[in-house]
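Worksheet for the structure shown next.
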Amino acid sequence: MKDYYKILGVNRDASEEEVKKAFRKLAHAHHPDKSGGDEAKFKEVSEAYSILSDKKKRSQYDNFGSSGAGGFQGSGAGFDPSSFGFDFSGFGTQGFDSGDLGDILSSIFGGRRVRRGRDIAVDIEFSFQESIFGAERKVVVNSKFIKQKEVSISVPAGIDDGQMVRLSGMGETLEGGVPGDLYVKVHVRKHPYLRKEGYNLIMDLPIKLTEALLGSERTIMTLDGEITLKIPAGTNHGTILRVKGKGVPIEQGKRGDLYARILVQIPEKLSKEAKRAVEELKKQGL
């Protein structure tokens, strides 16, 4: 004899609400439309709920068991389990609260079986500048799952290498079903001298020893074009100079900053004159 209380995991004195709650949980876990679902288990918990949710059938079950006095056989009126696409012959359906179960399954699966198209994944390469300011690209998607089609793909400003962009409904399309999604993996080409850290851009700026000692002005190329950067006299190796507003766009016209890390270059060889000049500096305690 089947123990319907045990199947639903409830006590024999469980209330109608407790029975409904237990069924909702198990139906969600075992529904065959779900990944990892179990059709046999789903049938079993549905059968248990069909009995325990009906006062008359529950009373008959409590007195006679699951096969006693033909208590659960009926004409099939009311809820039709086959509407979910499964053969549920083998247990009766008369008196099953179809509205009740409909509400439960509608909240879990929308009340019907829906086929969904496959997701498609593509890889697209963008330049460093495109990744900083954002870009739009039209690509032709062609896979064994979908017919060839052109798709417009927009990537937001500041996107990182390796990030995924999801285009809902742009994957495989099934007639009468829900289309899958298109996933775009972004690959960003490295910049010759710039790198991104959050909303800021970082660069290394090599300068001569004399520029560090005496100060100078250097023309540097940003993503917005050339600018002149002032290097103060006495700048140390590793000093970081900030250029405001030349970094990654944030929002409403705001941007991060550009940071230039100073690298003082020490010459490997000195001419005789340069050596005498350095020795003179040494005498002065420099």
Side-chain angles (χ1 to χ4, degrees), residues 119-141 150-171 180-270 274 278 281 286:
D119 293 336
I120 307 297
V122 297
D123 294 72
I124 299 183
E125 186 178 69
F126 290 88
S127 69
F128 185 82
Q129 184 155 340
E130 286 176 321
S131 75
I132 297 301
F133 295 114
E136 184 171 312
R137 185 80 53 80
K138 288 188 177 181
V139 297
V140 175
V141 178
E150 187 178 68
V151 178
S152 180
I153 296 172
S154 296
V155 295
I159 195 166
D160 290 320
D161 181 66
Q163 277 192 260
M164 299 286 287
V165 176
R166 173 174 169 264
L167 280 74
S168 179
M170 298 303 294
D181 299 331
L182 175 64
Y183 288 87
V184 179
K185 186 173 184 179
V186 174
H187 299 274
V188 179
R189 291 195 297 272
K190 289 187 176 181
H191 193 274
Y193 55 86
L194 290 173
R195 60 186 182 276
K196 176 176 171 285
E197 291 187 7
Y199 288 111
N200 299 317
L201 298 177
I202 313 296
M203 66 178 294
D204 291 333
L205 180 60
I207 65 172
K208 297 177 181 179
L209 177 60
T210 52
E211 291 179 301
L213 293 172
L214 303 175
S216 68
E217 290 185 348
R218 291 288 298 272
T219 298
I220 62 172
M221 179 63 73
T222 72
L223 293 179
D224 301 277
E226 290 185 350
I227 64 168
T228 299
L229 179 65
K230 184 177 181 180
I231 301 171
T235 296
N236 291 317
H237 179 83
T239 296
I240 295 177
L241 304 178
R242 183 176 72 158
V243 181
K244 295 181 65 175
K246 295 298 182 182
V248 182
I250 303 174
E251 58 180 10
Q252 297 178 349
K254 296 181 179 179
R255 290 177 61 178
D257 301 325
L258 169 65
Y259 290 91
R261 185 168 68 106
I262 300 299
L263 302 179
V264 179
Q265 296 177 310
I266 305 298
E268 295 181 1
K269 294 182 179 180
L270 294 175
V278 173
L281 291 174
L286 298 178

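All values below were derived from every heavy atom in this structure, side-chain atoms included, with hydrogens, water molecules and symmetry-related copies excluded.
Of the charged side-chain nitrogens involved, at least one lies within less than 4.0 Å of a carboxylate oxygen, so that Arg166 and Asp181 count as a salt-bridged pair. A salt bridge is absent between Asp123 and Lys185: the closest approach of a Lys/Arg side-chain nitrogen to an acidic carboxylate oxygen does not fall below 4.0 angstrom.
When side chains are defined from C-beta on, Leu223 counts as touching Phe128, because their heavy atoms get closer than 4.5 Å. The closest side-chain heavy-atom distance from Val140 to Val151 is not below 4.5 Å. Between Ile124 and Arg137 the shortest side-chain heavy-atom distance falls below 4.5 Å. The side-chain heavy atoms of Val186 and Ser131, taken from C-beta on, include no pair separated by under 4.5 Å. Residues Asp161 and Glu125 fail the side-chain proximity criterion, which asks for heavy atoms closer than 4.5 Å. Within the 4.5 Å cutoff, no side-chain heavy atoms of Leu205 are placed close to those of Leu263. Within the 4.5 Å cutoff, the side chain of Leu201 has no heavy atoms near those of the Tyr259 side chain. Side-chain atoms of Ile120 and Tyr183, non-hydrogen and from C-beta on, never get closer than 4.5 Å to each other.
Applying the side chain to side chain donor-acceptor pair (under 3.5 Å) test to every pair with at least one member in residues 209-225, sequence neighbours left out, gives these pairs: Glu211-Ser216, Glu211-Arg218, Asp224-Arg255.
Listed by chain and residue number, Lys196 satisfy the salt bridge (Lys or Arg N to Asp or Glu O under 4.0 Å) test with Asp160 (two or more places apart in sequence, or in another chain). Residues that satisfy the salt bridge (Lys or Arg N to Asp or Glu O under 4.0 Å) test with Lys246, not counting sequence neighbours, are absent from this structure.
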Practice task
Begin from the C-alpha positions of Val264 and Asn236 and carry the test side-chain contact (heavy atoms from CB on, under 4.5 Å) through to its verdict.
Solution key: CA-CA 7 Å; Val264 179; Asn236 291 317; over 6 Å; no

Problem - Residue pair Asp204, Arg195: steps toward the side-chain contact (heavy atoms from CB on, under 4.5 Å) verdict - result: CA-CA 10 Å; Asp204 291 333; Arg195 60 186 182 276; 4.0 Å; yes

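How far CD of Gln265 is from NE2 of His237: 10.0 Å, rounded to the nearest 0.5 Å. With values rounded to the nearest 0.5 angstrom, Lys230 atom NZ is found 10.5 Å from Thr235 atom OG1. Distance check: Glu226 CD to Met221 CE gives 4.0 Å after rounding to the nearest 0.5 Å. Separation of atoms CG (Leu241) and CE (Met203) is listed at 10.5 Å; rounding is to 0.5 Å. Interatomic distance, Ile231 CD1 to Leu213 CG, rounded to the nearest 0.5 Å: 12.0 Å. Interatomic distance, Ile153 CD1 to Leu182 CG, rounded to the nearest 0.5 Å: 5.5 Å.
Figure legend: cation-pi geometry between Arg189 and Phe126 absent, as NZ or CZ is not positioned both under 6.0 Å from the six-membered ring centre and within 45° of its axis.
Asp257 places a side-chain N or O within 3.5 Å of a backbone atom of Gly245 that can act as its donor or acceptor partner. A donor-acceptor pair is defined here as one N or O able to donate and one able to accept, closer than 3.5 Å; no such pair exists between the side chain of Tyr199 and the backbone of Gly158.
Minimum heavy-atom separation, Arg261 to Gly238: CG-O, 4.1 Å. Closest approach of Ala260 and Leu229 over heavy atoms only: CB-CD2, 4.0 Å.
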